[in-house]
Amino acid sequence: MIETPARGLVSPAAPRTLFAPPRGAVVGYDFLRPASMPHERSLPPARPASTARALLHASAFTVVFLAASVLVGRALRQIPGATGDPTRRAVMLDRAFDRVRDEVDLVFLGSSRFYRGVNPRIFDKRVRNRGGEELAGLRSFNLSLNGMGMVESIERVRELLESNPARLRWIVLELTDLDPVYLERNRMGPRMVAWHSARATIDALRVVWSTDRSLRSKFEESLAHLAEFGTRMSGRGAGPRAVLRLAGIESPFIDAPNFNGYETREQQLAWGKAWKTAAGAGATRGAGDPDEEEAERHRREVEERRASAPKDLPPAHAAVLGELVELCRTRGVEPIFVLAPVSGPNRLARIAQRAGVLPTLFAYNVPREHPELFQRALFRDESHYNDDGARVFSRALADDFLAWLGER
Amino acid sequence: MLFVDFAFLPFFLTVLAVHWALPRNGPRKVWLLAASYAFYAAWDPRFLGLILLSTAVDYIAARRIVRSPRPRAWLLVSLVSNLGLLGFFKYFDFFVESAARFLTQLGFQAHPASLNLILPVGISFYTFQTLSYTIDVYRGRLTPVEHPLDLALFVAFFPQLVAGPIERASDFLPQLETPRRFEGVDVRGALVLFFLGFVKKACISDGLSPHIDAYFAHPASFDAASAWYATLAYATQIYCDFSGYSDMAIACAALLGYRLSRNFDHPYLAADITSFWRRWHISLSTWLRDYLYIPLGGNRGSRLFQTRNLMATMLLGGLWHGAGWNFVAWGGLHGLGLALHRVWSTRIRSTALVRRITGILGIPITFWFVCVGWVFFRAASFADAAEVLNGFVRFGPPASGAGSRVERLALLNLAPGLAWGLLAALAIAHVACYRRWLTRIWRRSPAWAFTAGLAVACALVLPFVPLAARPFIYFQF
């Protein structure tokens with residue numbers, strides 16, 4: 001530190017070893033060009049920069065960069081396990097569902113209210129017992145994930161239908177806000193990025209621009225969606241996992257035979273612990289639960305959004321839901337929408353149902369209509385069922401499903 | 001706004017386009033100053049006042065130094081105000097809490113009046129920068145600037161505002177007087193430098209960060225392999241993080257037509273600790289040399305006197321990095337290393353054999369000494385640092401947890417070959433950059449090939465940029 005040589009001093013007798021500066025190099029090397037780089041004197045003289053040439057090259061750079069990014073992103077998405085949600089439940093769900101894809105008749109898709117509240121084993125048993133011969137072999141699977149919004153659900157439905165599951169006939173979708181307030185910690189997370197395909201991003205933007213949000217809020221939300229779309233397209237963040245997969249190193253996995261998407265409290269704790277052990281310290285974790293302050297802020301924003309919700313169903317919302325219904329039906333699958341308990345009032349859902357946008361809606365969100373679903377003992381926290389609650393809600397769903405089938 | 005944030009791209013492109021579109025030097029400087037203040041305000045506009053205050057005080061003080069009959073008094077005004085702000089915001093809580101802890105240990109009841117102050121980002125950097133201006137004016141090496149705009153831009157120039165390089169007024173102010181010409185910009189060099197800085201920060205430093213954080217959160221529970229890996233990885237991370245920032249800062253400034261001083265010169269290839277400090281955070285080490293070590297007496301006087309100067313400089317240099325005793329210990333360790341190296345180099349005759357031996361062993365020994373220093377720099381406490389050092393030989397279960405399992409870092413668990421291979425590859429890349437193995441290729445290639453190559457290289461590194469960007473490590477200093 002003390003006797004730093006003057007800048008620009010040429011190293012006189014640098015020994016010719018690997019760690020010595022190149023012959024004739026400058027001690028106090030400057031990366032940038034001006035004459036301080038005598039070892040580069042053999043290079044052709046630099047052409048002076050010109051504005052026109054700079055603009056031309058900037059345009060060419062942009063085009064090549066975008067094309068290359070799309071290609072790289074596409075290549076990464078072809079590597080199994082390189083992209084997508086790397087958290088325990090998502091990995092377990094993907095693998096477990098892959099095993100039974102062609103044996104499943106009904107799929108549940110929704111947020112944590114569905115993930116904690118719908119037990120396919122209870123649902124199947126009820127339907128098989130009471131549904132007669134035709135439904136004796138019914139098998140369902142719960143593909144719900146924490147915080148799954150409606151646009152993400154729709155994208156999952158698209159992916160599901162594109163994989164042509166042989167026996168799928170019904171999709172039970174938890175109906176949530178099409179334009180939800182996303183938790184800040186989840187933005188730009190692997191989950192959010194994973195579902196931002198071009199189609200989903202267009203849906204999200206259509207929905208955002210048809211709401212009563214302020215112009216600034218619309219811009220901010222659109223930018224966030226576009227950033228997540230760009231991230232997905234370029235494969236940002238997927239490199240390390242892609243390298244591991246290409247090297248034949250699988251991600252940690254908890255093998256739970258007969259896993260149908262529902263986790264009892266004990267299973268959840270045991271699998272969480274096993275995952276931590278298998279993955280080791282420093283492994284990718286989910287975003288985790290928000291702290292109190294963030295949860296409160298989120299609750300406030302949700303309330304504000306609800307208070308300023310439009311009185312009529314925005315045309316874009318109706319169109320997005322209508323397209324989903326049409327897509328399902330063209331694939332021979334019937335969508336059933338559900339307003340889960342504790343999801344709060346949803347005026348727009350009722351309007352959508354009356355307008356014929358939603359062909360089937362099971363609404364459990366009004367306590368006085370379903371007091372049996374709102375008993376305190378059934379809940380593990382203020383909005384999620386415990387194992388007993390899941391049993392009660394799954395049976396209620398099964399009964400309404402059978403009744404609905406009977407009507408048809 | 002970080003250099004690696006997406007938001008920086010439109011900001012910088014706008015600044016760049018308007019800067020070169022403006023026809024004259026004056027408006028360009030006004031535009032750059034406005035952009036610099038906006039850049040800083042993106043963090044916290046409240047602290048913009050501190051920069052303005054510091055600028056105003058130094059502008060007035062410097063002019064008074066040359067005109068007033070009592071220049072020393074005006075120098076003191078500058079020193080007290082700048083160091084006072086730095087001391088208050090950065091060290092007040094630290095010293096109050098340390099004093100309270102000390103009094104408690106002596107048996108006194110102490111109730112520290114901690115203010116929980118937020119550290120204004122970049123204050124350590126711009127304070128040293130403005131100090132160099134007034135001190136140089138006092139020493140007669142610089143004439144005060146005529147226009148306050150020039151000084152304001154020197155202090156707030158956004159590429160180097162928040163984490164250096166700590167620019168000297170004598171290097172930067174003359175550049176403000178000469179109109180910048182786009183024709184003189186080494187666009188190719190600047191783009192490659194920015195790209196390298198981006199890769200160092202966004203891919204390497206941020207990519208290694210989760211593993212290092214996981215280790216240093218509970219060093220007592222990890223095995224020896226994890227301890228070695230985390231320490232080597234941290235050495236890599238802090239170098240890539242800080243030198244990556246410096247590279248990007250220098251590149252941004254270069255694209256605007258300004259030259260910033262070099263801050264790193266492949267420090268991990270230093271064969272001794274003195275040489276390490278000639279290559280690591282050069283703008284700080286030369287600042288400490290010129291404004292602290294030499295005024296203290298420098299190399300004059302007895303060996304003991306010189307060692308005292310060296311230790312004082314390094315201990316204060318350590319404290320500059322952060323308000324914590326671990327930083328002081330880190331500075332002290334390096335001071336000790338420098339003193340021992342000085343004794344070694346004056347006492348041991350430099351024969352061919354000695355040169356050969358030091359040539360072979362110097363780099364690994366110096367690197368390992370630096371790594372041990374980083375343990376104190378990174379660990380949350382001295383106890384944690386001791387755990388890390390113990391961890392190097394922890395081949396069995398940890399002593400504290402009878403029967404508990406020794407953990408291993410996820411990356412080492414999952415893919416040990418890849419993990420160690422990654423560090424080896426980075427070491428080779430370090431040598432490759434030093435030897436400039438690839439320079440000839442990108443310098444000689446035709447313009448179209450350079451443009452396409454850089455675009456494809458950007459697309460290829462993007463997948464290795466983690467989804468969550470982390471702040472630069474040196475922002476906290």
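Letters A, B, ... are given to chains in the order of the sequence lines, protein chains preceding strands, and every chain is numbered from 1.
- Counting heavy-atom pairs closer than 4.5 Å to chain A, the top-ranked of the candidates B/T451, B/L454, B/D213 is B/T451.
- Across A/G239 and B/F464, no two heavy atoms sit closer than the pair C-CE2, 3.5 Å.
- With a 4.5 angstrom heavy-atom cutoff, A/A54 touches chain B only via side-chain atoms.
- Contact annotation for A/V193: only side-chain heavy atoms (C-beta onward) come within less than 4.5 Å of a heavy atom of chain B.
- The CG atom of B/L460 lies 10.0 Å from the CZ atom of A/F65; values are rounded to the nearest 0.5 Å.
- Residue contact with chain B, scored on non-hydrogen atoms closer than 4.5 Å, involves the side chain of A/A247 exclusively.
- The contact list for residues 229-238 of chain A toward chain B, using heavy atoms and a distance under 4.5 Å, reads A/T231, A/S234, A/G235, A/R236, A/G237, A/A238 by residue number.
- Listed here is the closest heavy atom pair of A/V64 and B/A452: CG1-O, 4.0 Å.
- From B/L191, atom CG reaches atom NE2 of A/H57 across 10.5 Å, with rounding to the nearest 0.5 Å.
- Within 6.0 Å of CZ in B/F6 there are 12 or fewer heavy atoms belonging to other residues, nucleotides or ligands.
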